[in-house]
Amino acid sequence: MILPSEMIRNLKFNSQGLIPAIAQDYRDGTILMMAWMNAESIQKTLATGETHYWSRSRSELWHKGATSGHIQKVKELFYDCDGDTILIKIEQIGDIACHTGARSCFFNAVEILFPQS
């Protein structure tokens, strides 16, 4: 098990000081959303047990669900082998993660047509 302070030192943030974070339902494995985090949002997430992200459009921290009530309770947190992506397994309160009102932000399915061999 890695300590939070050690984790942050191991992460590879981009030139803006951000790292992608994937929120996944801890019960069924559904990928709910992707957002950006910085060191401060990671620290707030670890301190409160609820997700905090960095809004690139507003240039500010945001507590997921602060206005909607659809908060994300952290169950587990991982980072990948390269240290450049975070995976947060969460309990999604209200079962809505997407700002559109959908459960998941990943609802735009693309038809894949493979060439015949």
Side-chain angles (χ1 to χ4, degrees):
M1 200 62 79
I2 297 169
L3 296 172
S5 58
E6 183 181 344
M7 179 198 93
I8 291 173
R9 283 194 305 272
N10 290 337
L11 295 176
K12 295 176 186 159
F13 295 92
N14 68 15
S15 60
Q16 291 81 42
L18 303 174
I19 189 167
I22 300 165
Q24 180 181 33
D25 186 297
Y26 84 104
R27 287 188 200 117
D28 66 13
T30 300
I31 302 300
L32 299 175
M33 59 178 278
M34 177 273 175
W36 294 95
M37 297 182 98
N38 62 11
E40 184 180 3
S41 65
I42 294 167
Q43 290 166 338
K44 280 190 170 276
T45 296
L46 294 171
T48 64
E50 296 179 357
T51 57
H52 292 75
Y53 298 106
W54 178 258
S55 170
R56 295 182 304 162
S57 61
R58 296 186 313 269
S59 295
E60 65 183 18
L61 288 176
W62 56 283
H63 176 205
K64 177 66 176 165
T67 56
S68 68
H70 301 284
I71 62 171
Q72 296 176 342
K73 294 189 177 212
V74 177
K75 298 298 184 179
E76 297 179 286
L77 193 142
F78 301 86
Y79 61 93
D80 73 339
C81 57
D82 294 323
D84 61 5
T85 306
I86 295 173
L87 172 64
I88 309 168
K89 293 190 178 187
I90 55 107
E91 176 185 0
Q92 181 65 58
I93 304 303
D95 209 34
I96 295 173
C98 185
H99 71 280
T100 65
R103 177 170 190 247
S104 170
C105 293
F106 296 95
F107 54 81
N108 292 303
V110 177
E111 184 177 0
I112 304 296
L113 303 174
F114 294 103
Q116 298 296 319
S117 51

Find out if a path of hydrophobic residues (ILVMFWY) with successive side-chain heavy-atom gaps under 4.5 Å connects [X] to [Y].
X     : Y     : value
Ile22 : Trp36 : yes
Ile2  : Ile8  : yes
Leu87 : Leu18 : yes
Leu11 : Val74 : yes
Leu77 : Met33 : yes

Query raised in the report: Which distance, rounded to the nearest 0.5 Å, do you find between the OG of Ser5 and the CD of Gln43?
Result: 9.5 Å

Report summary line: In this structure, NZ of Lys89 is separated from CZ of Arg27 (nearest 0.5 Å) by 13.5 Å

Is there a donor-acceptor pair under 3.5 Å between the side chain of [X] and the backbone N or O of [Y]?
X      : Y     : answer
Ser104 : Ile31 : yes
Asp80  : Thr85 : yes
Gln92  : Asp25 : no
Lys64  : Ala97 : yes
Gln24  : Gly29 : yes

Query raised in the report: Do Leu32 and Arg103 touch side chain to side chain, with heavy atoms closer than 4.5 Å?
Result: yes

Query raised in the report: Any side-chain heavy atom of Asp84 within less than 4.5 Å of one from Asn14?
Result: no

Report task. Name the orientation class of the two ring planes belonging to Tyr53 and Trp62 (parallel below 30°, tilted from 30 to 60°, perpendicular beyond 60°). Result -> tilted

Report task. Please name all residues satisfying salt bridge (charged side-chain N to carboxylate O under 4.0 Å, His left out) with Lys75, sequence neighbours left out, ordered by chain then number. Result -> Glu91

Query raised in the report: Who are the salt bridge (charged side-chain N to carboxylate O under 4.0 Å, His left out) partners of Asp82, not counting sequence neighbours?
Result: none

Of all heavy-atom pairs between [X] and [Y], which one has the smallest distance, and what is that distance?
X      : Y      : result
Asn10  : Tyr79  : ND2-OH, 2.8 Å
Phe106 : Met34  : CE1-N, 4.2 Å
Leu46  : Pro4   : CD1-CB, 3.5 Å
Ala23  : Ile90  : CB-CG1, 4.2 Å
Ile96  : His70  : O-CB, 3.2 Å
Glu111 : Leu113 : OE2-CD2, 3.4 Å

Report summary line: In Lys44, His63, Lys73, the residue satisfying side-chain hydrogen bond (donor to acceptor under 3.5 Å, both in side chains) with Glu50 is His63

Query - Evaluation steps, side-chain contact (heavy atoms from CB on, under 4.5 Å), between Ile86 and Phe78 - result: CA-CA 6 Å; Ile86 295 173; Phe78 301 86; over 6 Å; no

Report task. Each residue besides Val110 in its hydrophobic cluster should be listed here, by chain and number; the cluster joins Ile, Leu, Val, Met, Phe, Trp and Tyr at side-chain heavy-atom distances under 4.5 Å. Result -> Ile112, Phe114

